[in-house]
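The analysis underlying the following values was restricted to heavy atoms, covering all of them including side chains, and did not include hydrogens, waters or symmetry mates. Everything quoted here is computed from the prediction, not taken from an experiment.
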Amino acid sequence: MARHLITSAIPYINGIKHLGNLVGSQLPADLFARYQRGRGNEVLFLCATDEHGTPAELAATKAGKPVAEYCAEMHEVQAKIAEGFRLSFDHFGRSSSEQNKALTQHFAGVLAEQDLIREVSETQMYSHADGRYLPDRYIEGICPNCGFDSARGDQCDNCTKQLDPVDLINPHSTISGSTDLEMRETKHLYLRQSQMKDQLDAWIDSKTDWPVLTTSIAKKWLHDGDGLQDRGITRDLDWGVPVKKGGEDWPGMEGKVFYVWFDAPIEYIACSQEWVDAGKGEDWERWWRTDKGADDVTYTQFMGKDNVPFHTLSFPCTILGSGEPWKLVDYIKSFNYLNYDGGQFSTSRGRGVFMDQALEILPADYWRWWLMSHAPESSDSEFTWENFQQSVNKDLADVLGNFVSRITKFCRSKFGEEVPAGGAYGDREEAAIKEISDRLKAYEGFMDAIEVRKAANELRAIWVIGNEYLQEAAPWSTFKEDPETAAAQVRFGLNLIRVYAILSAPFIPDASDAMLEAMKSDDKGWPSDIAAALSALGTGHSFAVPENLFRKITDEEREDWQQRFAGTRD
RNA sequence: GGGCCUAUAGCUCAACGGUUAGAGCAGAGCGCUCAUAACGCUUUGGUUCCAGGUUCGAAUCCUGGUGGGCCUACCA
């Protein structure tokens, strides 16, 4: 039995994520996890909230709460929503956990021992009114280049020139508006990524089967300019993992915390410890330590393209640089962005559909199906309400839902609510079995390769076979002359429902459960042998006609939603 | 400025140097009547963004444009 370790990029804590965030990380990761479980493999699927950093502190202040309390609440909110989308994490952890604190400090300690950390003295903008150091982007002023009056400290949004906060004319804090700013000298730790450049380069070069998106971003960072740069891994903040060298204090680093991008990926490992400590599993090391059984684990990460540098370079640098036998990622699946109706999803402007709103409108399966069958794999893709309505109505309601409805209702009216006896499968059934078997092979191939859109296409084609079969077999006609043959045809159709339930579960878990429940079956074994699987429900097996699996989205609803999500979030 | 991705039917996408560029949706026609006005079959529709080039052969490779998107290291 293969073992799959699967992680989704961990969503930031400061609010509810929109569908664009969901489509590139948590959802495809869940799809893959459910598929691997369905194939009978052992899976550990982990996700968490990313809780440290300036934005979390500011969001908490805005909400009028201590940051720890704010994070705890938002974690619960995100966990609830994840459950609503049927994201089947084995554990949904928190980067602020004690486990992650200890592990992050441990890694910093061993990296220091390996001489991969150096101290750098630099100047940072300090705001007296805010009582904190300000990241460059929280400082605005007049652009010295073009005169734009709200240029940010890192870059001017008007002329796109790269800036330094000290370049700005009349700089002020975007948090308080205060102009009482001062450049202060402060010391920070840098991870010497440049020392690991060749090793990382060779490692990326060996990953010839990774998505182009993943490797091209990694190579850009490795080879651009002077090559991979050392990176600051500490910040002057209150909220975060205190800087320590393992269990020891770090002289000169008092009051500082690790940078979120240092501790966030480490949470993948710490999360498995949380999973054990929560009593959900045991022995996390057999997933992470190659000296303790993780050698045969296949580790797959999912993320949007903005996360790629940290997963291809920074985190591997931490892992490899430690000199300890930690499991390194085997495959990085990255996604482009999902746009919303001619523009971008925007958290700040409330443009587009957010995860909580989506679930208020329609159940998870509708969203899961559309998002995965339109996943932005080769380029950015676009959500439009017209496309959503058409795809969901056609694929789910008409092709799959109606198939289940027509065969179960026909059986009930002619034979009653049990699998009818009589007749035998013949050439027509053999042909359908052959066709489904071929399609299933393709489906498995795409799912193994995490080709999400192509897998969805194949699955849909398998659903279509059911309707084609019914049309050709026409049990409603056969029944008049030859009820025995009609019985065999209906038996075949009913068995298809169970098979569809199993194959469709990664995409539409709720409908899958509803189909199995209707068929009164709890046999979820992967149908490797389609012929056998289509005889699993034997003569006399009782079933129930389910409620319609999917309702249709009306034109009125579509127009209503289009208006509602165009502007600001209420 | 630099780099990467992308442009194929009205729409969303396949095709990764090799028959006549395919599929779903939308449109048209026919059939079916079990079913959620559902299903099936047939079918219309393409100067593969533009201009050159390489090749026996180019949507695919090269060069130069044009449009769209992303990244560029202190947001995470």
Side-chain angles (χ1 to χ4, degrees), chain A residues 9-14 50-56 58 122 124-125 133-139 152-155 160-162 164-165 188 193 211-213 215-217 219-221 223-225 228-232 235-236 259-261 264 304-310 313-314 336-337 339 344 370 373-374 376-382 384 386-387 389-391 393-399 401-414 453-454 456-457 460-461 464 466-479 486 489-490 493 545 547-552:
Chain A
I10 64 179
Y12 200 64
I13 194 72
N14 69 339
D50 178 14
E51 306 192 357
H52 295 136
T54 309
L58 297 179
E122 55 193 11
Q124 282 273 297
M125 200 67 95
Y133 284 91
L134 297 177
D136 292 353
R137 65 160 41 207
Y138 288 101
I139 301 159
R152 287 196 321 225
D154 53 346
Q155 186 179 42
T160 73
K161 189 178 165 61
Q162 310 268 316
D164 211 286
H188 281 296
Q193 298 186 130
V212 183
L213 185 65
T215 50
S216 68
I217 291 173
K219 284 181 178 170
K220 170 69 176 9
W221 281 58
H223 301 138
D224 194 40
L228 188 63
Q229 302 296 298
D230 293 345
R231 192 175 187 105
R235 291 291 182 272
D236 288 296
Y259 177 41
V260 282
W261 263 116
K305 58 184 166 188
D306 50 333
N307 277 320
V308 169
F310 305 100
L313 304 170
S314 310
N336 287 283
Y337 292 147
N339 289 318
Q344 295 192 343
W370 190 90
S373 61
H374 294 79
E377 289 176 302
S378 57
S379 63
D380 291 353
S381 66
E382 175 158 318
T384 63
E386 287 83 359
N387 190 306
Q389 179 194 25
Q390 279 185 356
S391 298
N393 285 356
K394 192 69 189 177
D395 299 347
L396 296 182
D398 295 347
V399 175
N402 183 54
F403 170 77
V404 171
S405 175
R406 66 196 292 207
I407 187 66
T408 51
K409 285 178 182 168
F410 179 75
C411 183
R412 179 174 62 185
S413 75
K414 302 300 184 203
R453 270 190 321 221
K454 288 179 181 174
N457 272 339
R460 185 190 191 280
V464 166
N467 284 312
E468 288 172 350
Y469 169 80
L470 278 190
Q471 185 64 30
E472 269 189 49
W476 48 90
S477 301
T478 319
F479 184 77
Q489 291 168 338
V490 168
V545 174
E547 291 295 305
N548 284 341
L549 293 179
F550 301 98
R551 71 178 187 83
K552 295 214 200 192

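L549(A) comes within 4.0 angstrom of a base, heavy atoms only. S381(A) comes within 4.0 angstrom of the backbone, heavy atoms only, and of no base. The residue E468(A) sits close only to the backbone: its heavy atoms come under 4.0 Å of sugar-phosphate atoms, none of a base. At the heavy-atom level, F310(A) lies under 4.0 Å from base atoms of the strands shown. At the heavy-atom level, N402(A) lies under 4.0 Å from base atoms of the strands shown. Backbone-only engagement by N387(A) is indicated by non-hydrogen atom pairs under 4.0 Å involving sugar-phosphate atoms exclusively. At a threshold of 4.0 angstrom between heavy atoms, the contacts of F550(A) include nucleobase atoms, whether or not backbone atoms are also involved. Using a 4.0 Å heavy-atom distance criterion, S378(A) is classed as a sugar-phosphate-only contact. Counting any heavy atom pair closer than 4.0 Å across all strands shown, V545(A) reaches no nucleic acid atom. Among the protein residues, R551(A) comes within range of no part of the nucleic acid, since none of its heavy atoms lies under 4.0 Å from any strand. Looking at heavy-atom distances under 4.0 Å, K394(A) makes contact with sugar-phosphate atoms alone, never a base. When heavy atoms are screened at a 4.0 angstrom cut-off, T54(A) is found touching the sugar-phosphate backbone but no base atom.
Distances were taken from every side-chain heavy atom of S405(A) (C-beta onward) to each of A35(B), U6(B), A76(B); the shortest belongs to A35(B). Side-chain proximity of V260(A) to the nucleotides U36(B), A76(B), U12(B) is greatest for A76(B).
Using Watson-Crick or G-U wobble geometry with both donor-acceptor distances under 3.5 Å, C4(B) finds its partner in G69(B). Across all strands shown, nothing is found opposite C74(B) as a Watson-Crick or G-U wobble partner with both distances under 3.5 Å.
A close approach under 4.0 Å does not occur between any side-chain nitrogen or oxygen of Y133(A) and OP1 or OP2 of C74(B).
C34(B) has no stacking from F410(A) on its base ring, since the centres under 5.5 angstrom apart and planes within 30 degrees of parallel are not both found.
Ring geometry for F310(A) against W261(A) counts as parallel: the plane angle stays under 30°, on a 0 to 90° scale with 60° as the upper cut.
If you check distances only, the side chain of Q124(A) does reach the base of C74(B) with a donor-acceptor pair under 3.5 Å. A donor-acceptor contact under 3.5 angstrom links the side-chain atoms of E122(A) to the base of C74(B).
The distance between atom CG of L396(A) and atom C1' of C39(B), rounded to the nearest whole Å, is 16 Å.
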